[in-house]
Amino acid sequence: MDNNKSTTRLLGAPYRHSIHPQAVEPPLLPAPDLRFEQSILEGGEVIFEKDTPVPMRDGIILYADVYRPASVPKSPSIVFFAPFGKHGAVPREKFPNMGVDFTRLSKYTKFELPDPIPWCGDYGYSFVVVDPRGTWWSEGSEATYLSPEEGRDGYDVVEWAAAREW
Amino acid sequence: MSAYQTAVLKPPHLSALLLWEGISDIYREVNTTGGIPNVAFQSMWMNMTGNGLGESEDHAVACLEHPLYDSWWQSKVVDWSQITIPAFSVTGWSSLGLHLRGTIEAWKQFSSSRKYIFIHAGREWSEYYKDENVRKQKLFWDRFLKDDTNEVDNWPVATYDIRVTLDNVHRHSEDRFPPKAKITPFRLTATGLSTDERHSSEPAYQSYISHSPGSSVKFDYRIDQTTEITGYASVKLFVQSLQYPDADIYVALQKIGKDGKEIKFWHSSQQVEASASFGWLRASHRELDPQKSLPERPYHLHRRRQWLRPADIVELQIELWPSSTGWSAGEVLRLVVQGVPFTGQQNITQVKGPTHGFGEAAKSFTSRQSGL
């Protein structure tokens with residue numbers, strides 16, 4: 001067994017070179033620069049931590065955006081693990097006739113994710129929104145989808161979140 | 001979508017799963033439905049997801065490079081019965097060729113003592129953000145992440161929408177899915193669908209032109225009393241392909257109103273173009289898994305291709321995706337079989353088919369280095 005190769009690659013998966021996170025084709029939105037930043041979102045109820053490093057068991061760093069209630073010291077976490085770009089790479093305009101009333105969602109609502117303002121501000125949950133391995137700025141030489149590798153990373157993200165003070 | 005892969009590893013702090021429109025066996029559900037490659041959709045998906053600093057597993061070419069079900073496809077499927085934590089699975093009848101089949105399939109096999117399923121009649125994204133459904137999400141998380149005692153303790157196991165028309169929907173609850181039902185066999189005859197068990201002594205056939213949109217064969221059954229059809233269904237056909245060593249078979253189960261027009265439902269997340277249900281099968285992929293197949297739910301191996309000669313008449317068992325539709329007396333249940341998709345082939349999120357090319361192809365008149 002070649003330890004340098006993922007299970008997915010050993011099983012013969014086809015690959016392509018990824019598009020650089022800041023060179024994606026419109027209408028996709030490029031990822032902002034990789035930088036940890038903490039801010040308080042509009043309304044003051046939600047702490048936002050952009051590009052929080054989450055270490056995996058093999059030392060690879062995935063980047064997560066964390067949204068958590070400002071007023072509660074400890075809150076249960078909900079993990080979102082999808083390759084669509086935690087920064088909201090997929091614009092609402094990409095899919096017409098979605099039937100979603102966007103006027104009722106805050107501007108922080110990203111593609112296929114709940115609105116963090118009520119969920120973290122009012123309902124008392126923390127969100128851990130991960131860019132999976134090899135996607136966007138997250139480390140790892142390759143992105144795989146629905147794979148055993150993703151399963152292991154998901155495990156590590158869950159346990160990382162559980163170990164946070166919040 | 002990867003939540004199943006994580007859940008079977010049982011992270012000690014993973015308390016519950018909310019699976020809103022999942023994928024559990026991507027070969028059978030999305031990339032290669034019925035053995036028919038769906039490259040255009042996956043190409044769109046790759047363009048949204050194949051972004052990073054290294055390489056990306058290429059799902060746009062996946063079903064071309066791996067047309068048969070192999071250990072790579074298998075690696076994306078887990079043993080869902082290993083999932084034991086509370087789970088709430090949600091999908092919609094509209095998610096044909098995408099989330100519908102797999103969300104149900106995995107949920108059925110969870111070992112969780114607390115598991116719920118909700119199958120809606122709406123569109124994927126509008127249902128996700130609707131107040132009543134955000135409330136369901138919150139109740140579920142409150143129950144299992146905060147240990148709040150709430151109405152989840154009284155939730156029925158399965159809740160589903162019975163579609164009468166696009167906007168006329170009845171919500172129904174059961175202690176299981178699919179609900180207990182009577183499986184009704186219909187026979188294809190020269191005059192339509194028949195529940196008469198007697199064999200016709202005359203061999204009969206109908207034909208259509210496989211490559212021709214608008215060419216199809218139809219079999220009608222007039223409904224004589226209020227009828228709900230919910231759960232699984234399948235179609236058995238004996239097929240001969242005279243000019244091609246294979247045949248892509250597209251099947252629709254349609255609801256025809258008293259005015260003779262088809263009543264259509266949401267398809268995918270955006271369009272009103274779905275029949276009551278669809279089924280797909282590439283004839284060369286007809287080999288069944290005898291262990292997993294049921295009369296109402298054939299299960300194909302996709303391990304080898306059995307090509308057709310013009311003289312061969314082969315038996316195909318075609319899976320119709322799960323559905324729930326209500327009929328009134330005087331309406332018609334219609335089975336349509338054709339060689340091309342029923343859905344709009346202009347829209348990349350709706351296209352379901354083996355098209356080897358899609359969308360704009362730009363021709364450059366100066367040489368340009370393609371970027372890596």
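- Under the 4.5 Å side-chain criterion, counting only non-hydrogen atoms from C-beta, Val134(B) is in contact with Trp119(A).
- Contact count against chain A (heavy-atom pairs under 4.5 Å) is highest for His66(B) among Gln137(B), His66(B), Glu65(B), Glu21(B).
- Here the side chain of Asp58(B) pairs no donor or acceptor atom with the backbone of Pro14(A) at under 3.5 angstrom.
- Between Arg9(A) and Glu55(B) a salt bridge is recorded (basic side-chain N to carboxylate O distance below 4.0 Å).
- Ranked by heavy-atom pairs under 4.5 Å with chain B, the list Gly140(A), Ala23(A), Pro76(A) is led by Pro76(A).
- Taking 4.5 Å as the limit, every side-chain heavy atom of Tyr129(B) sits out of range of all side-chain heavy atoms of Pro114(A).
- Across every non-hydrogen atom of Trp72(B) and Leu11(A), the tightest pair is CB-O, 3.5 Å.
- At a 4.5 Å heavy-atom cutoff, the contact between Thr109(A) and chain B is made by side-chain atoms alone.
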> When you look at Val100(A) and Tyr128(B), which way does the side chain to side chain contact (heavy atoms under 4.5 Å, CB included) test go after all the steps?
Replying inline: CA-CA 9 Å; Val100(A) 177; Tyr128(B) 185 64; over 6 Å; no

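- Residue contact with chain B, scored on non-hydrogen atoms closer than 4.5 Å, involves the backbone and the side chain of Thr8(A) alike.
- Trp141(B) touches chain A through backbone and side chain together, each having a heavy atom under 4.5 Å away.
- Looking only at heavy-atom pairs under 4.5 Å with chain A, the residue among Lys130(B), Glu124(B), His59(B), Gln74(B) that has the most is His59(B).
- Within residues 151-166 of chain A, the residues approaching chain B closer than 4.5 Å by heavy atoms are, in numerical order, Gly151(A), Arg152(A), Gly154(A), Tyr155(A), Val158(A), Glu159(A), Ala162(A).
- Contact annotation: the side chain of Arg104(A) approaches that of Asp131(B) to within less than 4.5 Å [non-hydrogen atoms, C-beta and beyond].
- For chain A, the option among Ile23(B), Asn47(B), Val8(B) with the highest count of heavy-atom pairs below 4.5 Å is Asn47(B).
- Within the cation-pi definition used here (under 6.0 Å to the ring centroid, within 45° of the axis), Lys146(B) qualifies as a partner of Tyr125(A).
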> Can you check side chain to side chain contact (heavy atoms under 4.5 Å, CB included) on Ile78(A) and Leu145(B), steps first, answer last?
Replying inline: CA-CA 9 Å; Ile78(A) 303 175; Leu145(B) 297 191; 4.0 Å; yes

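- Between Leu53(B) and Ser18(A) the shortest side-chain heavy-atom distance does not fall below 4.5 Å.
- Interface remark: of the candidates Phe111(A), Trp137(A), Phe84(A), Phe84(A) forms the most heavy-atom pairs closer than 4.5 Å to chain B.
- When heavy atoms are compared at a cutoff of 4.5 Å, Leu146(A) approaches chain B by way of both its backbone and its side chain.
- Pairing each heavy atom of Ser75(B) with each of Pro148(A), the nearest pair is O-CD, 3.4 Å.
- Nearest heavy-atom pair across Ser126(B) and Gly99(A) is CB-O, 3.0 Å.
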>> Set out, in order, the CA-CA distance, both residues' side-chain angles and the distance that settles side chain to side chain contact (heavy atoms under 4.5 Å, CB included) for Asn97(A) and Arg123(B), then state yes or no.
In response: CA-CA 9 Å; Asn97(A) 206 27; Arg123(B) 285 170 281 181; 3.3 Å; yes

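- Note on Asp131(A), Asp101(A), Asp115(A), Leu28(A): by heavy-atom pairs under 4.5 Å with chain B, the leading option is Leu28(A).
- Judged purely by atom type and a 3.5 angstrom limit, Tyr145(A) uses its side chain to pair as donor or acceptor with the backbone of Thr49(B).
- Other residues, nucleotides and ligands place more than 12 heavy atoms under 6.0 Å from the CZ atom of Arg171(B).
- For the 3.5 Å distance criterion, the side chains of Trp125(B) and Glu112(A) qualify, holding a donor opposite an acceptor.
- Val79(A) has its side chain out of reach of Leu14(B): every pair of non-hydrogen atoms, C-beta onward, lies at least 4.5 Å apart.
- Closest approach of Arg16(A) to Ala60(B), counting heavy atoms only: NH1-CB, 4.0 Å.
- Looking only at heavy-atom pairs under 4.5 Å with chain B, the residue among Gln22(A), Glu149(A), Met98(A) that has the most is Met98(A).
- Using a 4.5 Å cut-off between heavy atoms, Ala13(A) touches chain B through backbone and side chain atoms alike.
- Atom NE2 of residue His20(A) and atom CG of residue Asn51(B) lie 10.5 Å apart, to the nearest 0.5 angstrom.
- Among the candidates Ser2(B), Gly122(B), Ser56(B), Ala62(B), the residue making the largest number of heavy-atom pairs closer than 4.5 Å to chain A is Ser56(B).
- Note that the CD atom of Glu25(A) and the CE atom of Met48(B) stand 14.5 Å from one another [nearest 0.5 Å].
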